[in-house]
Amino acid sequence: MIIEKAEVIVTSPDRNFVTLKLTTSDGVTGLGDATLNGRELAVVAYLKEHVVPLLIGRDPHQIEDTWQFLYRISYWRRGPVTMASIAAVDMALWYIKAKVAGLPLYQLLGGASRRGLLAYGHASGKELPEIFDSINDHLEQGFRAIRVQSGVPGLKAIYGIASQSADTGGGDARYDHEPARRGAKPTEEDWDTRAYLRHIPGVFEAVRNEFGAELPLLHDGHHRMTPLQAAKLGKSLEPYDLFWLEDCTPAENQEALKLVRQHTTTPLAIGEVFNTIWDFKDIIRDQLIDYMRGAVTHMGGITPLKKTMDYASLYQIKSGFHGPTDISPVGMAAQMHVGLAIHNFGIQEYMKHGAKTDQVFEQSFTWTDGLLHPGDNPGLGVELNVDEAGKYPYEQAYLPYNRLADGTVHDW
Ligand code: KDG
Ligand code: MG
């Protein structure tokens, strides 16, 4: 059996997705997610021009060898475009192997270690009544863990806060924030870290008072703080017992986390913008994080995700794979299979895709009692409806950016 055909499919049902579809000489197909939010067409070009020609004629069963081949022969290692491309190939090959074996992928990764995956949803609001409303909505949808993002007095638009006017592409904007807005220019938002630090502890105090001690609460700092500011926030959130504080400082400087660690016991989650196992090497070895936030789509696929988690298990570090809507149903399925199989699963981020996306990507996964399960179809459990996909051509969309009051560009 050889890889006979490799197609790159771009579709934009509720938002843009890039999918690689491999077909073998025996007619077996496999899908891989290559979506890089806001830079989708760069990955399309990388795949079409530089990867697809190398795949034709290869043995689809040689997953490790293909991964190493694509990683090493480019010479220019790492980077989100390269790694999303390799990820798509890796996912599609695991998909084919599992289909040929007649098993859901998690069985090839060691079998299920749990009944399902605890998943958290995104609640947000400008002020407390909206936040409570959004948390209640998520609880009604079955979520048993909730990320809380809040508006800050004096700031107009902030990442993570749903607004009625946002073009989210899917779902109710009020409950489901989607940062990548369609349009030829990115949206400008505003930011003030001191105002944020003054406001957020009171929000979590109010949420704890309203919803009790049991509910796991998470918060995303989205790379906007300095190490000292992050330490201060972590410390001030300790009474509210967060499940995690995510991306408290810019991800490029991992050394910064040492300072944060010295000052707070609030658990830290990092890694959604990391591209490889190498990016996680030092923060895992130095035990600077509690949860690993890599996404199967952005760090080279199932093969390195599983290796990273096995390494993390030596340090009691758990998974918290990145799962916003820009991870396609194919990527979500792939990381659900990994999460089900590994021992050190922590939690899965789960932003529901829109109705049109669910028609393009037919999925076998289930959502019961706050637990996700990828289903038991052979392979990944997602099929791409090519006719549906064809109805939605690519639309330019950008992530937003931030400016401080004096006009300085800031991390968003
Ligand atoms: O593409 C970027 C978004 O997916 C990201 O901003 C979402 O921070 C995010 C999260 O935690 O899901
Ligand atoms: Mg995040």
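In each ligand, atom 1 is the first atom listed, and ligand 1 is the first ligand listed. Below, all heavy atoms of this structure are taken into account, side chains as well, without hydrogens, waters or symmetry copies.
The salt bridge (Lys or Arg N to Asp or Glu O under 4.0 Å) test applied to K156 returns D190, not counting sequence neighbours. A search for salt bridge (Lys or Arg N to Asp or Glu O under 4.0 Å) contacts involving R58 returns D65, not counting sequence neighbours.
One option in M351, H122, E272 has a heavy atom closer to atom 5 (C) of ligand 1 than any other, and that option is E272. Between atom 11 (O) of ligand 1 and the options E246, H298, Q149, R39, the minimum heavy-atom separation is to E246.
Residue E349 places at least one N or O, backbone or side chain, under 3.5 Å from an N or O of ligand 1. Of the N or O atoms in D326, one or more lie within a sub-3.5 Å distance of an N or O in ligand 1.
Seen from the ring of W191, R224 counts as a face-on cation partner, given the 6.0 Å and 45° thresholds. Geometrically, R293 does not engage F321 in a cation-pi contact, judged by NZ or CZ lying under 6.0 Å from the ring centre and within 45° of the ring axis.
In terms of protein heavy atoms, atom 1 (O) of ligand 1 is closest to N37 ND2, 2.8 Å. Looking from atom 6 (O) of ligand 1 to the surrounding protein, the closest heavy atom is H222 NE2, 2.9 Å. Nearest protein heavy-atom neighbour of atom 9 (C) of ligand 1: Y159 OH, 2.9 Å.
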Note to self: Let's go through K99 and E383 carefully: what are the C-alpha distance in whole Å and the side-chain angles of both, what is the deciding distance for salt bridge (charged side-chain N to carboxylate O under 4.0 Å, His left out) to 0.1 Å, and is it a yes or a no?
What the structure shows: CA-CA 12 Å; K99 254 191 186 170; E383 295 294 340; 3.7 Å; yes
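The count of protein N, O or S atoms under 2.8 Å from the Mg ion (ligand 2) stands at 3, with waters excluded from the count.
Near R147, the atoms of ligand 1 lying under 4.0 angstrom from a non-hydrogen atom of the residue are 10 (C), 11 (O). Each of the following atoms of ligand 1 lies closer than 4.0 Å to a heavy atom of P324: 4 (O), 12 (O). Contact atoms of ligand 1 toward D220: 8 (O), 9 (C), 10 (C), 11 (O) (distance under 4.0 Å to a heavy atom of the residue). Within ligand 1, the atoms closer than 4.0 Å to a non-hydrogen atom of R293 are 10 (C), 11 (O), 12 (O), numbered from 1 in the order shown. For ligand 1 and W412, the ligand atoms under 4.0 Å from any heavy atom of the residue are 6 (O).
Between M299 and I277, the shortest heavy-atom contact is CE-N, 4.0 Å.
Put simply, NE2 on H343 and NZ on K318 are 7.5 Å apart, with the number rounded to the nearest 0.5 Å.
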For residues 367-382, tabulate all N or O donor-acceptor pairs below 3.5 Å that involve a side-chain atom, not counting sequence neighbours.
unit_1 : atom_1 : unit_2 : atom_2 : d
W367   : NE1    : Q141   : O      : 2.9
H373   : ND1    : G375   : N      : 2.9
D376   : OD1    : Y106   : OH     : 2.4

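N136 places a side-chain N or O within donor-acceptor distance of the main-chain N or O of F132, the cut-off being under 3.5 Å.
A side-chain donor-acceptor contact under 3.5 Å links D14 and T357. Using modelled atom types and a 3.5 Å distance limit, the side chains of Q254 and D282 yield no donor-acceptor pair. Judged by distance alone, the side chains of D358 and Q363 do bring a donor and an acceptor atom under 3.5 Å apart.
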